Amino acid sequence: MQLNRKLFEVLYVSTIAPSAPVSVVADIAARARAWNLQQDITGLLIFDGMRFCQQIEGLQKPVLSLIERIAADDRHLNVTIFHHGELKERRFKSWSLAFTNVEDTEVLARLEKLDGQPGVQAFVELLATLEIDG
């Protein structure tokens, strides 16, 4: 039971479904912000025009429930979790969902190929290069 009170994070990359217009990203972000506020989830969504990368943080049960919803969402394909585990402190405590775009489509393609700590390190390094909109 104690584990459920600790902070937990999931990092994943997915591809936008070919049938989903790019305009759906604004809808995803708006709905996610409202849902995340209710669930005390914070995080960051990055979009490169083709791929999503998202870091989700909060208590374990709501975070895992959210990632299940994302994996079942037909607007996402190939949901690839490259890291999940306990988190010492929130990276995005001020934002229910921060959002940013990246121009270079190779950035998220590289993240998709990483796993575990190298994926987390690459994600943290990427953060330093982004202009994030809360």
Side-chain angles (χ1 to χ4, degrees):
M1 204 61 147
Q2 250 333 22
L3 183 61
N4 289 338
R5 300 303 314 158
K6 293 182 180 180
L7 283 177
F8 192 81
E9 75 174 336
V10 172
L11 285 158
Y12 77 88
V13 176
S14 67
T15 304
I16 191 168
S19 61
V22 172
S23 61
V24 78
V25 176
D27 181 55
I28 289 172
R31 289 174 187 256
R33 284 180 173 137
W35 172 260
N36 290 359
L37 271 173
Q38 292 175 352
Q39 302 298 314
D40 193 28
I41 292 174
T42 53
L44 170 67
L45 178 64
I46 304 168
F47 185 63
D48 70 4
M50 191 168 90
R51 284 183 194 81
F52 298 98
C53 175
Q54 187 170 9
Q55 188 267 4
I56 304 166
E57 57 192 22
L59 297 179
Q60 184 177 18
K61 188 174 180 179
V63 167
L64 292 177
S65 176
L66 178 55
I67 197 66
E68 287 175 8
R69 290 180 56 203
I70 291 167
D73 186 332
D74 61 6
R75 297 172 295 184
H76 292 266
L77 299 175
N78 307 319
V79 175
T80 304
I81 296 171
F82 62 91
H83 169 73
H84 62 89
E86 287 186 20
L87 182 65
K88 289 182 183 177
E89 64 181 299
R90 292 179 190 256
R91 290 187 180 97
F92 302 100
K93 57 185 156 216
S94 299
W95 296 313
S96 63
L97 181 68
F99 178 78
T100 191
N101 289 302
V102 291
E103 300 286 323
D104 182 358
T105 59
E106 291 305 307
V107 170
L108 299 186
R110 285 190 297 271
L111 269 180
E112 191 172 36
K113 295 175 184 167
L114 298 173
D115 200 23
Q117 202 54 43
V120 173
Q121 185 61 38
F123 177 78
V124 170
E125 289 171 6
L126 173 61
L127 292 179
T129 69
L130 300 176
E131 290 185 32
I132 299 172
D133 173 28

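Owing to the predicted nature of the structure, the values given are computational and were not obtained by experimental measurement. Residue indices begin at 1 and follow the sequence shown.
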Ring pair (Phe, Tyr, Trp, His ring centres under 6.0 Å) contacts in which one or both residues fall within residues 28-72, not counting sequence neighbours: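 Residue pairs passing ring pair (Phe, Tyr, Trp, His ring centres under 6.0 Å), neighbours aside: Phe47-Phe52, Phe52-His76.
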Is there any side-chain hydrogen bond (donor to acceptor under 3.5 Å, both in side chains) pair reaching into residues 100-114, and which pairs are they, with sequence neighbours excluded? Arg51-Glu112
Is there a side-chain contact between [X] and [Y] (heavy atoms, below 4.5 Å)?
X      : Y      : result
Tyr12  : Cys53  : no
Val25  : Arg75  : no
Gln55  : Leu87  : yes
Leu114 : Phe123 : no
Leu59  : Ile41  : no

Linking I/L/V/M/F/W/Y whenever any side-chain heavy atoms sit under 4.5 Å apart, do [X] and [Y] land together?
X      : Y      : answer
Leu97  : Val24  : yes
Val13  : Leu130 : yes
Val124 : Ile46  : yes

Name of the residue among Gln60, Lys88, His83 meeting side chain to side chain donor-acceptor pair (under 3.5 Å) with Glu9: His83
Val107 vs Thr129, test: side chain to side chain contact (heavy atoms under 4.5 Å, CB included). Steps then yes/no. CA-CA 11 Å; Val107 170; Thr129 69; over 6 Å; no
Please determine whether side chain to side chain contact (heavy atoms under 4.5 Å, CB included) holds for the pair Ile16 and Leu77, giving the CA-CA distance in whole Å, both sets of side-chain angles, and the decisive distance to 0.1 Å. CA-CA 6 Å; Ile16 191 168; Leu77 299 175; over 6 Å; no
With a 4.0 Å cut-off, would you call Asp73 and Arg69 a salt bridge? no
Test side chain to side chain contact (heavy atoms under 4.5 Å, CB included) applied to Ile56 and Phe8, step by step: CA-CA 8 Å; Ile56 304 166; Phe8 192 81; over 6 Å; no
Straight-line distance of [X] [atom1] to [Y] [atom2], nearest 0.5 Å:
X      : Y      : atom1 : atom2 : result
Ser94  : Ile132 : OG    : CD1   : 11.0 Å
Arg91  : Lys93  : CZ    : NZ    : 12.0 Å
Phe82  : Leu11  : CZ    : CG    : 4.5 Å
Phe92  : Leu45  : CZ    : CG    : 11.0 Å
Leu108 : Asp48  : CG    : CG    : 4.5 Å
Ile81  : Ile67  : CD1   : CD1   : 4.5 Å

For Thr42 versus Glu57, what's the shortest heavy-atom pair and its separation? OG1-OE2, 2.7 Å
For residues 123-132, pull every pair meeting salt bridge (charged side-chain N to carboxylate O under 4.0 Å, His left out), keeping only residues two or more places apart or in separate chains. none
Give a yes-or-no answer on whether the side chains of Arg33 and Ser96 include a donor-acceptor pair shorter than 3.5 Å. no
